[in-house]
Structure formats: structure tokens, C-alpha cells
Number of protein chains: 2
Amino acid sequence: MSSSVKSENLFQKKSCVVVCGASRGLGECISITFAKKFLTGSVFILLSRDGKALENVKTSLQSECPDQLCITKVFDQGIMQQENFECLFDGIVQSNNISLADLEQVVMVHCAGTLGDITKYCKEMTDPKKVRENFDINVVGTILLNSAFLKAFKDVGSKVIINISSLAGIQPFKSWSLYCSGKAARDMFFRTLALEDPDILVLNYAPGPCATDMQKDCREQSADPETKQMFIDALNSGGLLSPQTSIDKLCEVLTSKFESGAHIDFYDEIKQ
Amino acid sequence: MSSSVKSENLFQKKSCVVVCGASRGLGECISITFAKKFLTGSVFILLSRDGKALENVKTSLQSECPDQLCITKVFDQGIMQQENFECLFDGIVQSNNISLADLEQVVMVHCAGTLGDITKYCKEMTDPKKVRENFDINVVGTILLNSAFLKAFKDVGSKVIINISSLAGIQPFKSWSLYCSGKAARDMFFRTLALEDPDILVLNYAPGPCATDMQKDCREQSADPETKQMFIDALNSGGLLSPQTSIDKLCEVLTSKFESGAHIDFYDEIKQ
């Protein structure tokens, strides 16, 4: 199931790249970094709940990469209605006259997610609305968006799916039960996809501790003092990565030899 | 985090044992096997959506173990309303005059679950209702029931949580994406609980391929021919375990040395 052959030319293909959660943090960095690296004439579809922030990302992207087409769309994967997902891509493709036949590759980056309620321990998880919302946004919405993407672009030859995972997807952290279990579920879903469709290149990438707004929430909101201190220490010791450092490594991973569906961490050694 | 000391006397304590998903298959077998093994005078609370089947299990349990108290309650962990969970145990305790002060130990067995839609591949997961229902029943409901249990029995000294997991929680199977990712999420939730509360003994037990109704569904409904054949072969080669064989092993595991939160499979070697 090694996908080394396909991944070697990944950035050299005329692609349509979809980034969900593109308005800030890692999603923003991925959008702009990928726009620089992918063959010019590629299409970037940036999705986020935050339309204003998304327009700022588009402005940056277009100013740095004027030869890439950038399309933004306000989208919330936590809205559990079929039409929210099934009409999304067809609408974008039609209204922007994107020619699917001209595309060599489609790439989907699942970067949207919520930390969920990290102010509570497992035993305090008593609110059905909050617990469900976590799995709606982090898992159910990701699955539905992924299916919508694969359906809309089914005729494009080469497909790449990048799931922004986390160390929390393979290792528990105190007071992070919802986030950890949501990330574990996502990883397993994409491992299953990789097994089912060997033609799709799937990567679960754990980006390491990055200096993003989410990290700030970790430091400020984690109920568990030990978990909280770990994030405070990471900041104070200069142990946080810039999003760019992490996404540069993601680009290296994507052109390296890895088994489709693998969970690869920023700190893992890359096999060439 | 090894819990060998606590687990040695597990069956010798006067306990209240809650089994969710007790009306058939593994849950039924666990209920009756545990009723035979636990100190007489223990209390068994059996939960299931199927009230009629539950009464049959109660009749068997009481006929084999007349000195155990058996209480049944129709309960559906897929109903996402706070009162479904928060009133459950207090109601049972009060209406049956259970004296919490007399209990040395409480045990919760999470055995309820659904295979979800195994007739579809990852890329066909387009129905928000079905995808969400899978996570509601298998993950969100389990988390909420677990919190309700820990809250209701917070003053009882010794606590044991058994999550009926699956090989599918750590290994993907084609056309089983929802089941696999739900089981992965559950395992991770209970790993987090074990980390947060070292006083609770937590076990994720993968029971192996058992001759239950669920196995029949696997053979008949799995969309993927390879997965389907694997289950047909298991049946034809005599490779299926009886529920009793698997639950006897669970009992052995519970009195062995294991790290709280571990995922232990039927086929794993037991450490004494």
C-alpha cells in the first residue's frame, strides 16, 4: 500500500485543493503554502465558518500567488443537514466555471475542528448537547464533507486526502477526552478509507504543538493542571512550532514514502 | 498505573453491576456469568432497549443466582436528552431501596452498540442522520451513561469500568468505517478516563469473533466482499468463539495484572 510513486509528483500536478478550516492557524498556513508549491493554474477552494477572516486569507493568497485561482465559501461542517454537504462542491464548480476535465488531481485538507469542552474531566461529561456537538463538528461533519468531496470530484484521476490529526489522536491527555476521542475516530475513519481505496493517497498528519489560537485555548482552558502546565511550559521554553515550520514538514512528508492511511507526526523521521 | 492489587479481589466484593446492552449476545452472557461470580448479595442492573428480551435474561439470572438482586430497566443510550441519563440511576436506586453505603464496589459494563451502516464504503457516507446516529449510540451515549454512572455512585469506594471494545477499534476493516471509528473513539475516551482517575479500574476488552447476532449481521451485510468472506470463513472453519468462552477470558483478564485503560484482546496473553 506504499504510495511513493504517486506522491513524488504531488505538487507538480494541476490541482484543485480544498482546505476546510482555512481562515486561521494551520489551515491558513496550509492554504498559502500549498498555493506557492502547487503548479500554477491550480484552484484553491477555502472553506470556513468565518467569512471575514477567509477573505483576508484570500487577499494574502492572491497577492503572493496571482496565478492560482482562489475561491472562498462560508461553510460550517457542524450543520448536520444533507444539503449543507451535497450541494457544496457542485455549486462552487458551476458558479466558478471550473473544468473538472482540466484537473489532474484533487486534494482535500481536513483542518476544521473544535477543542470541545476541555474545561471538564470525563466524569463531568453530562451535557448531551456539548458532547454531541464535539462529535458533530470533529467527526460526523468531516466524514460527510469527505464523501461530498469524493463524490463531486469522482472523475478526477488522482486524489489526496490530508487529515489534520494530533498527538491527541493516539495518546490521551487529562481533561481532553472529547478532543482525543474525536481525533482517534477521525484517524480510524481515514485509515479505513485508505484501506478501501488504494488509489486515494491518505495522510493523517499530527502537526506538533504550533503557535496558534488553539494553543492559547489549551493553555488557558484545560481543566487539568498538569495538561495546562505542559502547554504553558511549551510556550515559555520556546517549544512551540511556527505553523510554517509544521506545514513545511507536512510538504516534505507528502513527497516522501509513506503508507497511505498512516498517522505521521511532525517529530517522526521522514523516509525518502 | 498497574491495578493488580485492586483487581485481585474484584469478584469478592459486594457490588452493584450495571450492564448496558444486557438483553442478548455478549451483554446477556456477561450479566449471567458475573451474577455467578460476584459475591452473593450483589445487585445487577440490566439495561437494554428491548424490555421483553431483558425480562428473559432476568428470569435466567434469577433462576441460576437467586441470591443476587436483579433489576431491569428499559433504556436507550441513543436518546440524546439530558433527563434520559441524569435521572436513570437515582430512580433505580430509590425505587429498589438500594443502600449505597452497603456497596463495596460498582461495576459498569458498556456493551450497547450498533454496527452502524456496514453496507456502505467511506465514500458513500452521505446521510447525516445515519452517520450521526452511529456516533450518538456508540460514542456520545456511552460517554453520557458513563458520567451518569460515576455521578450516581460517586461515594462507593471501588469503581470498575469495562468497555466492550473490538479489534475494529484498533484495526480498520473495509466497509466498517463507522463501527471502527466509533470503537476507536470509545477506547480513547476510556484511556483518558483511566489517566484522569487512577482510582477507577478501566478495561477496554476486545472479545474476539463471537457467535452472536452481530456476527450474523457482519456475514450478511458487509458491503466489502473481502470483509464479508472473512466472517463467513470464521463461521465455516469453526473459528467463532462462544460468548461464554470470551466472557470467561474477560473474567480472567479482570483478575490479572493489567494497566488501567489498556485495550486487551481475547487472543492476548494474560499476565498474572
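Hydrogens, waters and symmetry mates play no part in the numbers below; they use all other heavy atoms, side chains included. The chains referred to below are lettered A, B, ... by the order of the sequence lines, with proteins before strands, and numbering in each begins at 1.
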Item to check | Region of F173(B) that comes under 4.5 Å of a non-hydrogen atom in chain A | outcome: backbone

Item to check | Side-chain donor or acceptor of E196(A) paired with backbone N/O of S175(B) under 3.5 Å | outcome: yes

Item to check | Spatial distance of atom CD (Q81(B)) from atom NZ (K129(A)) [nearest 0.5 Å] | outcome: 14.0 Å

Next on the checklist: Only pairs of heavy atoms separated by less than 4.5 Å count here; which of A148(A), A168(A), S177(A) has the most with chain B?
Outcome noted: S177(A)

Item to check | Option that, when pairs with chain B are counted at under 4.5 Å, heavy atom only, ranks first among K154(A), Q82(A), R132(A), E86(A) | outcome: R132(A)

Checklist entry - Of the non-hydrogen atoms in S181(B) and A185(A), which two are nearest, and what is the gap between them? => result CB-O, 3.1 Å

Checklist outcome for this item: Of the listed M80(B), Q171(B), E226(B), R186(B), the one with the largest count of heavy-atom pairs under 4.5 Å with chain A is M80(B)

Checklist entry - In Å and rounded to the nearest 0.5 Å, what is the CG to CE distance from L145(A) to M125(B)? => result 15.5 Å

Item to check | chain B contact via F189(A) - which portion, at a heavy-atom distance below 4.5 Å | outcome: both

Checklist outcome for this item: What one should report as the nearest heavy-atom pair of V131(B) and V140(A) is CG1-CG1, 3.7 Å

Item to check | Nearest non-hydrogen partners of G169(A) and M188(B), listed with the distance | outcome: O-CE, 3.4 Å

Checklist outcome for this item: In L193(A), T192(A), D187(A), the residue satisfying side chain to side chain contact (heavy atoms under 4.5 Å, CB included) with P172(B) is T192(A)

Item to check | Exercise: identify the closest heavy-atom pair between K174(A) and L195(B) | outcome: CE-O, 3.3 Å

Checklist outcome for this item: Correct closest heavy-atom pair for I143(B) and L178(A) would be CD1-CD2, 4.0 Å

Checklist outcome for this item: Under 4.5 Å to a heavy atom of chain B? For N146(A) that would be neither

Next on the checklist: Any side-chain to backbone donor/acceptor pair from R191(A) onto I170(B)? Under 3.5 Å, distance only.
Outcome noted: yes

Next on the checklist: Let's go through F85(B) and T126(A) carefully: what are the C-alpha distance in whole Å and the side-chain angles of both, what is the deciding distance for side-chain contact (heavy atoms from CB on, under 4.5 Å) to 0.1 Å, and is it a yes or a no?
Outcome noted: CA-CA 8 Å; F85(B) 298 92; T126(A) 55; over 6 Å; no

Checklist entry - More than 12 foreign heavy atoms under 6.0 Å from CZ of R219(B): is that the case here? => result yes

Checklist entry - Between the main-chain N or O of C122(A) and the side-chain N or O of S147(B), is there a donor-acceptor pair closer than 3.5 Å? => result yes

Item to check | chain B contact via F190(A) - which portion, at a heavy-atom distance below 4.5 Å | outcome: neither

Checklist entry - Of all of L144(A), L150(A), D224(A), N134(A), which one pairs up most often with chain B through heavy atoms under 4.5 Å apart? => result L144(A)

